[in-house]
Amino acid sequence: MTEGSGGKPAFRYRVAETVVAAVFFALGAIVIFDSARLGFGWREDGPQTGYFPFYIGVIICVSALINLMAGLAETKEKNRSFVEVEQLKLVLSVLVPTAVYVGLIGWIGIYVASALFVALFMRWLGKYTWWKVAAVSIGNSLVFFLIFEFWFRIPLPKGPLEALLGLN
Amino acid sequence: MRNLFERVAGSMVAMTAMAALPQAVLAQAWEPTKTVEFIIPAGTGGGADQMARAAQGIIAKHKLMKQAMVVVNKAGGAGAEGFLDVKGAQGDPHKIIITLSNLFTTPLATGVPFNWRDLTPVKMLALDQFVLWTNVSKPYKSAKEYIAAAKAAGPNKFKMAGTGAKQEDQIITAAIEQLTGTKFIYVPFKGGGDVAVQLVGNHADSTVNNPIEAVAHWRGGKLKPLCVFDPKRMPYKTKVTDTMSWSDIPTCKESGLDVDYLMLRGIFMPGGVTPAQVQYYVELFRKVQATPEWKDLMERGAFNQTSLEGKEYADWVAREEARHIQLMKAARFIAGQ
Amino acid sequence: MDEIQSLLQGFVVVLTLKNIALMFTGIVLGVIIGVLPGLGGANGVAILLPLTFSMSQAPGGTTSAIILLSCIYWGALFGGAITSILFNIPGEPWSVATTFDGYPLAQKGRAGAALTAAFTSSFVGALVAVIVITFLSPIVAGFALEFGPPEFFAVYLLTFCAFVGMSKEPPFKTLATMMLGFALAAVGTDPVTGTLRLTFGSTHLLTGFDFLIAVIGLFGIGEILLTLEEGLAFKGAQAKMNIKVVLETWKELPKYWLTSIRSSAVGCFMGIVPGGATPASFMSYGVARRFSKDGDKFGTGIVEGVVAPETAAHAAGTAALLPMLTLGVPGSPTAAVLLGGLLIWGLQPGPLLFVEQKDFVWGLIASMYLGNIVGLIVVLTCVPLFAAILRVPFSVIAPIIMVICAIGAYTVHNSIFDVWMMLVFGVMGYVFKKLQYPLAPLVLAIVLGDRAESSFRQAMLVAQGDMSVFFSNALVGSLTGLALFLLFWPLMSMLWSKLRRGI
């Protein structure tokens, strides 16, 4: 994680601090905006709907500004690598498939998507043999199917495969 | 000539009969082909939740349905989450929803776009009663005395605790205010049980709890009922406390407070379903209502057992909607008003 | 000693082979429910209600039915700690505070010790609460009646002040995340006026941001991303896996007797009020950190940091059954469903339940003793098994954890949008942790935000805007005073030490 490990930095701390502070500021501004619409006064019977959110938004914006200043004021030696290119690649190599996985849930159901996701992960990052991959990924989905659909009767999203098997 | 007429007429009858036959068979034949989702537009533990789960239990116990039934709570946005879900499931016969008054109040108070006309009415199960309660330590003997005391104290002195904001409890409070001209401080709480305990602890002056929410404290000698918001007295004559039964509680009208309010506990389906599918659920819930367990539940909760179906039910819902619009307009509860 | 006699009577009712079997079934189911974030305790109990419905019709059946359901509840209380410790994913809301020290302990290779400490202190907390229920229920039950809106607000304020003190993170970062938590808690329906706020016309935002989704994302997904950076391995792989770990940990536990007593008291108080198990665990963790001599080591992985929240959570979860039985007020969503169960079976909770349904009530209380002993035996024998999960290679367990998280997020509102939100929270957790934005205040703010706001505004309605209501009687006054004292304690102690140095 330190500069000493020698990787090329993808982002430095100053960038990360600035972006996060800016996001905070934006969120705070949205909150203030909607609270102002709802009314943020203090009437005789107590605060209105927007009263608390309004001041929460104000505090978020103020602290975001202070954090932004602090971030920009980071000295050269403290402005070390936030994440190195190699690390970022690793993180993204999981984050992107996960996002695809979440996107697939709506299309092909959570069980098939999960089996594919586990399989991909095991094969790609773990380099397991195909039969192990198949056993774990399909077994995992089957166990969850039994627990949720069969025992606890909690319906999870299902897709064409389950429809084909008449399981939904 | 006559012969021909008869033949034509006869064949027409036969044709209609033939056309009607498959339909009649279908009406008999439709049955759920997969798990039925029973949606509750309220949180776990509330009145609607209890009724839905009791119905589910009865259906499971007596094997009234071949497929399974799962109960799903979708309470977000004062029930809007559940209603929008059913509205979006146009034509899906494997989804039913139990309603409470938020069927009317939520779209009016929040402006969330749905209306009961987006759904298909199936069957009214029962109507839930509301009773005006006070703490036994208070001197009021009747609703009349209580209202007189509230009037004498002036506006914003008496506290009415209730469940939720701009829902049934607050609407009843508003109706009382509109009738009597006094003003209560309405304090919203999360659940009916909390409301009753606030009254027992003397943190509020009155509530309009449902019978089942307050009966334990009534029997425990902590709360007393003043009147019921039903045009007729409740029919249950079994003694609940040593001296009183549900039917001994006067109606509010009798006590000079001409407000009535009953809450719908009914079943709806998504829009665009076939009559045969609706009929299946009507039959199903008729069977549920015939079980001793259901009758038991009705008596324990002192429900009004009015149970409508078909057009009568739809008409009732339409009337009730109009009444809610009028009450909520007068109370300025409507979104953007 | 009427109670002892009634209790013995209760044991007679409970001690049948069938009931003991039901206890084991309930506990095992409960542990599964507690482990999987998708199956809340409330969920599990709710789903089994219809099943118990027919059970309750048989003679003595209501007792069997409540034994099954309450054992699921105990099991879920035990089980919530498992994933918190192993993977930093709280299976239940009340085990969030357990992650603060439980997960670092597991990373040090002491997962077995953390699990043993968690289970044992859960048991101790429950035991204290059951004893309170057995002997003090008539006195204690009335106590909850004293609590109106101002008192509830004071309790939440106290929780908050007990937990948030001087943290190591930069103060404005702490403030920013905390306020973000409050803002997220405010999304949805305003509890007092019923208006929608911060939803911007989106139907997904109607439901607000559920605490569980934020926690799964921030802690669970965020942690996996952080682990990835450092290569593909869980650090706890060298965990000890034999049953000896249990005995070794037990030798260590008596050292924390003071923390246990304090946490049990906090838990019982929060359960009876009822303030809930989740705030109880946070409050207890905060108080322990402040008063322990190892206070500055909290959060780095010490056993005491597991003992405090677990004892309080389980004590509160158990004590919450008292207001449920005597007043019909559920202290938690799970208790709410149990309450619904009682009503469906034809039992009316309330002051008369103890008089009219003696067999049932004392049977239930007896089953609390037995159920927790059974629970402890079940989970402790499984400690080596649970710790062994950490030996599963990362590339197998990580995707499975992701799947569990996705299912957990989905089931909260049955919405895929929530799964996306979980992913967003995951990235947030990863970035925040690296930038020293603390996560705990954010989570606490989401838990307490809307409750604190509704109590505050209810109090303002009742008092017509008069702030002095928070000091209007001895109870609320002392709660508020204690809260303010705890809030300013770090400041005062700093001033005090400065003053002394000055001299």
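Computed over heavy atoms, backbone and side chain alike; hydrogens, waters and symmetry mates excluded. Throughout, a chain's letter reflects where its sequence line sits, starting with A, and its residues are numbered from 1.
- Distance check, rounded to the nearest 0.5 Å: CG of Asp194(B) to CZ of Phe147(C) gives 13.5 Å.
- For Glu81(B), the parts lying near chain C are the backbone and the side chain together; criterion is any non-hydrogen pair under 4.5 Å.
- Contact count versus chain B (heavy atoms, under 4.5 Å) is highest, among Thr207(C), Val355(C), Leu353(C), for Thr207(C).
- When heavy atoms are compared at a cutoff of 4.5 Å, Ile59(B) does not approach chain C at all.
- For a residue to count as touching a neighbouring chain, one of its non-hydrogen atoms must lie under 4.5 Å from one of that chain's; by this rule Val70(B) does not touch chain C.
- Shown here for Ala216(B) and Pro349(C), the closest heavy-atom pair between the two residues is CB-O, 2.8 Å.
- Heavy atoms of Val71(B) lying under 4.5 Å from chain C are absent altogether.
- Proximity to chain B (any heavy atom under 4.5 Å) is shown, for Phe143(C), by neither the backbone nor the side chain.
- With rounding to the nearest 0.5 angstrom, the CD atom of Glu146(C) is 10.0 Å from the CG atom of Asn202(B).
- Summarising the local packing, NZ of Lys87(B) is surrounded by more than 12 heavy atoms from other residues, nucleotides or ligands at distances under 6.0 Å.
- Only the side chain of Leu84(B) comes within contact range of chain C, judged by heavy atoms closer than 4.5 Å.
- Heavy-atom contacts from other residues, nucleotides or ligands closer than 6.0 Å to NZ of Lys358(C) number 12 or fewer.
- Remark: Lys74(B) NZ to Ser415(C) OG distance equals 7.5 Å, nearest 0.5 Å.
- One distance of note links CG of Leu145(C) with NZ of Lys222(B); it measures 7.5 Å at 0.5 Å rounding.
- Only the side chain of Thr189(C) comes within contact range of chain B, judged by heavy atoms closer than 4.5 Å.
- With contacts defined as side-chain heavy-atom distances shorter than 4.5 Å, the pair Lys159(B)/Leu461(C) does not qualify.
- Across Gly350(C), Pro149(C), Gly208(C), Gly328(C), the residue that shares the most heavy-atom pairs under 4.5 angstrom with chain B is Pro149(C).
- Ranking Ala165(B), Gly76(B), Gly192(B), Gly201(B) against chain C, the residue ahead of the rest is Ala165(B), based on heavy-atom pairs under 4.5 Å.
- No side-chain heavy atom of His203(B) sits under 4.5 Å from any side-chain heavy atom of Val462(C).
- For Phe189(B), the parts sitting under 4.5 Å from any heavy atom of chain C are the backbone and the side chain alike.
- Distance check, rounded to the nearest 0.5 Å: OG1 of Thr110(B) to CG of Leu196(C) gives 5.0 Å.
- Side chain of Gln458(C) to main chain of Pro188(B): a donor-acceptor pair is present (N/O by atom type, distance under 3.5 Å, no hydrogens or angles).
- Looking at Leu352(C), the atoms closer than 4.5 Å to chain B (heavy atoms on both sides) all sit in the side chain, from C-beta outward.
- A side-chain donor-acceptor contact under 3.5 Å links Lys166(B) to the backbone of Thr193(C).
- Gln50(B) CD to Leu342(C) CG: the interatomic distance, rounded to the nearest 0.5 Å, is 9.5 Å.
- More than 12 non-hydrogen atoms from other residues, nucleotides or ligands lie less than 6.0 angstrom from NZ of Lys61(B).
- Contact of Pro150(C) with chain B is not made at all, since no heavy-atom distance falls under 4.5 Å.
- Of the residues considered (Arg219(B), Gln167(B), Gln56(B), His217(B)), Arg219(B) shows the highest number of contacts with chain C, using heavy-atom pairs under 4.5 Å.
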